[in-house]
Amino acid sequence: MRVAHALVGVVVGVLWLVLPWMTIDDDAPAAGVRTSAAAPAADESSGTDLVLPVAALAVVLGLAAYGSVRRIRRTRSRTTPAAAGTTHVGAYPAPGAQPPPTDLDERSRAALVDADNRLRAFREELLFAEAVSGPFATAAEAAEAELSAACAIRARYEEGVPEEAAALAGVVGRCEEAELRLTAEAEKLRTLRALDRDPAAALASAEARFRELTARTAGAETTPLDDSVTGYVELAKDSLVTATVHLNQTHQATAAGRPDEAAHRLRAAETAISRADVLVTAVARLRSARTEAARLMPPALTGAEAELAPFRDSTPYEGETYARLLHADAVLAAVRQETTSGQPYDPLGVLRRIVQATAPLAVGRSGVLAVAALLVARESVAAADDYVAVHREAVGAAPRVLLSQARLTDDLPRADALAREARGRAEQDVRLRGHPA
């Protein structure tokens, strides 16, 4: 419409300037002819008066034809069928209609992130309210079930579900249901805790956990091989500094008679303490997992050899099975060389290589390999979950969906792979957006 208005203005302006020249006779008439030509001049002026309306009408008709051609071309080039009752491609949807898929896509991602963050915050608060956590833990489990269903729908959509709007709307609906459950229970929990009326007991409990966690953080150490927890001790110390500030502000607000501010500051302190707890616990859990992996590694190697032996006798020297057998043999040989070289190595990483190499041929057959696969998958899922918890302000929807899939699958090597992918995607989000804390 703006282009059409501009064209009409230009054409009319040009005609307006040109029209006077079209009505001027350059030949000077003789004196005797002037009087006798008066009548024909009147006829000519009435004819020239029609030039402007006719020109304007021609411009309007031309613009109408141009607009019709544009509409026809848009209709022919449309890649999606027009819905009944719609006007044109750029029209806004009618009230109550489904928003465009792009908007639903963004809404579903945001809903997943918000619901997951709300669930994590709710579970953190439950740790500070153990005396009243029974029924609230049930509510958290119900919300987690809704969130898991939403993640499953989102995963199927990303794999190519035909009805995009229905799938994405299902994700949003499940997340909203989870948030409704958590919001109602959070209000009840705050009422029971009475943080805005008498925060003294909750404050004493938070300070006790703070002191215990400070001692644990001071004793936590990492080695150069603990790549997945690099920097965790430093982050834990930073969180404890933040908790110290909020605890002091809680005391000040309580003394000044500002109970609402005291409750707000106390919850911020509890969040910082929970974050430090996750970080320090992750370091201790990884150390324990590596110790267990070192213990399992020799029997896992023996079990892998036992599982591969039948394939060596019966597999022809070609095909996919033979290729997998050659790969498994190469991995096991490399593992033996690495573990007997006298150089430092990561027992958990070595155990993962044994499981991954033999799983396509011996999954679920050997007890020790099954135990090894469980240990590897459990640590990967826990590590990814810890990372999302600590950096949740910066982590998007995709890592959370992958992590949910890793939790639900019974295929242990697949769970390990999904969890490691979730951790990698979460790290990408943090590098892209930064850590808000």
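Residue numbers run from 1 in the order of the sequence given.
Between Ala150 and Leu112, the shortest heavy-atom distance links the atoms CB-CD2, 3.9 Å. In terms of heavy atoms, Ala419 sits closest to Ala384 at O-CB, 3.5 Å. When all heavy atoms of Ala300 and Val368 are compared, the pair lying nearest together is N-CG2, 3.8 Å. Heavy-atom minimum distance, Ser148 versus Leu408: CB-CD1, 4.3 Å. The shortest heavy-atom contact between Ala269 and Leu247 is CB-CD2, 3.7 Å. Closest non-hydrogen pair, Arg154 versus Arg109, comes out as NH2-NH2, 3.0 Å.
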Tell me, with the steps shown, if His251 and Glu207 meet side-chain contact (heavy atoms from CB on, under 4.5 Å).
CA-CA 11 Å; His251 280 289; Glu207 289 179 330; 2.6 Å; yes
Going through the checks in order, is the side-chain contact (heavy atoms from CB on, under 4.5 Å) test met by Val355 and Leu412?
CA-CA 10 Å; Val355 170; Leu412 294 177; over 6 Å; no
How far apart are the C-alpha atoms of Arg120 and Ser274, what are their side-chain angles, what is the distance that settles it, and do they pass the side chain to side chain donor-acceptor pair (under 3.5 Å) test?
CA-CA 10 Å; Arg120 291 176 183 277; Ser274 296; over 6 Å; no
Apply side-chain contact (heavy atoms from CB on, under 4.5 Å) to residues Ile273 and Ser239 and explain how you reach the verdict.
CA-CA 7 Å; Ile273 293 171; Ser239 293; over 6 Å; no
Apply side-chain contact (heavy atoms from CB on, under 4.5 Å) to residues Gln356 and Val331 and explain how you reach the verdict.
CA-CA 9 Å; Gln356 290 176 343; Val331 170; over 6 Å; no
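Side-chain contact between Thr409 and Gln405 is absent, with no heavy atoms from C-beta onward closer than 4.5 Å. The shortest distance between side-chain heavy atoms of Glu125 and Phe136 does not fall below 4.5 Å. Within the 4.5 Å cutoff, side-chain heavy atoms of Thr244 are placed close to those of Phe210. No side-chain heavy atom of Arg290 sits less than 4.5 Å from a side-chain heavy atom of Glu379. Residues Thr358 and Glu307 fail the side-chain proximity criterion, which asks for heavy atoms closer than 4.5 Å. Inter-residue side-chain proximity for Leu402 and Arg420 is flagged as unmet; no heavy-atom pair is nearer than 4.5 Å. Side-chain contact check for Gln252 versus Glu261: every heavy-atom pair is 4.5 Å or farther apart. Looking only at side-chain heavy atoms (C-beta outward), Leu403 and Val381 come within less than 4.5 Å of each other.
The closest side-chain donor-acceptor pair between Thr281 and Arg216 falls under 3.5 angstrom.
Note that the CD atom of Glu212 and the OG1 atom of Thr217 stand 8.5 Å from one another [nearest 0.5 Å]. A distance of 12.5 Å separates CG of Leu279 from NZ of Lys237, quoted to the nearest 0.5 Å. In this structure, Leu119 CG and Glu146 CD are separated by 11.5 Å, a value rounded to the nearest 0.5 Å. Atom CG of Leu189 and atom CG of Leu182 lie 11.0 Å apart (nearest 0.5 Å). Note that CG of Leu147 is 4.5 Å distant from SG of Cys151, once rounded to the nearest 0.5 Å. The distance from atom OG of Ser228 to atom CG of Leu286, rounded to the nearest 0.5 Å, is 4.5 Å.
A salt bridge does not link Glu270 to Arg209: none of the charged nitrogens lies less than 4.0 Å from a carboxylate oxygen. A salt bridge is absent between Arg425 and Asp429; no separation between the charged side-chain nitrogens and carboxylate oxygens falls under 4.0 Å. Contact check on Arg275 versus Glu393 returns a salt bridge, with a Lys/Arg side-chain nitrogen under 4.0 Å from an Asp/Glu carboxylate oxygen. We find that Lys188 and Glu185 are joined by a salt bridge, their nearest charged nitrogen and carboxylate oxygen being less than 4.0 Å apart. Salt-bridge annotation for Arg378 and Glu292: absent, with no side-chain N of the basic residue lying under 4.0 Å from a carboxylate O of the acidic one. Of the charged side-chain nitrogens involved, none lies within less than 4.0 Å of a carboxylate oxygen, so that Glu159 and Arg156 do not count as a salt-bridged pair.
Exactly one residue among Arg352, Glu421, Arg423 makes a side-chain hydrogen bond (donor to acceptor under 3.5 Å, both in side chains) with Ser380. That residue is Arg352. Each of Arg174, Arg400, Arg392 was scored for a salt bridge (Lys or Arg N to Asp or Glu O under 4.0 Å) with Asp116, with one residue passing: Arg400.
Thr291 places a side-chain N or O within 3.5 Å of a backbone atom of Arg287 that can act as its donor or acceptor partner. Remark: side-chain polar atoms of Ser341 are paired, donor with acceptor, to backbone N or O of Glu338 under 3.5 angstrom. Put simply, the side chain of Thr271 gets close to the backbone of Arg267: a donor and an acceptor are under 3.5 Å apart.
The ring-ring contact (aromatic ring centres under 6.0 Å, His included) check on Tyr345 picks up nothing, with sequence neighbours excluded.
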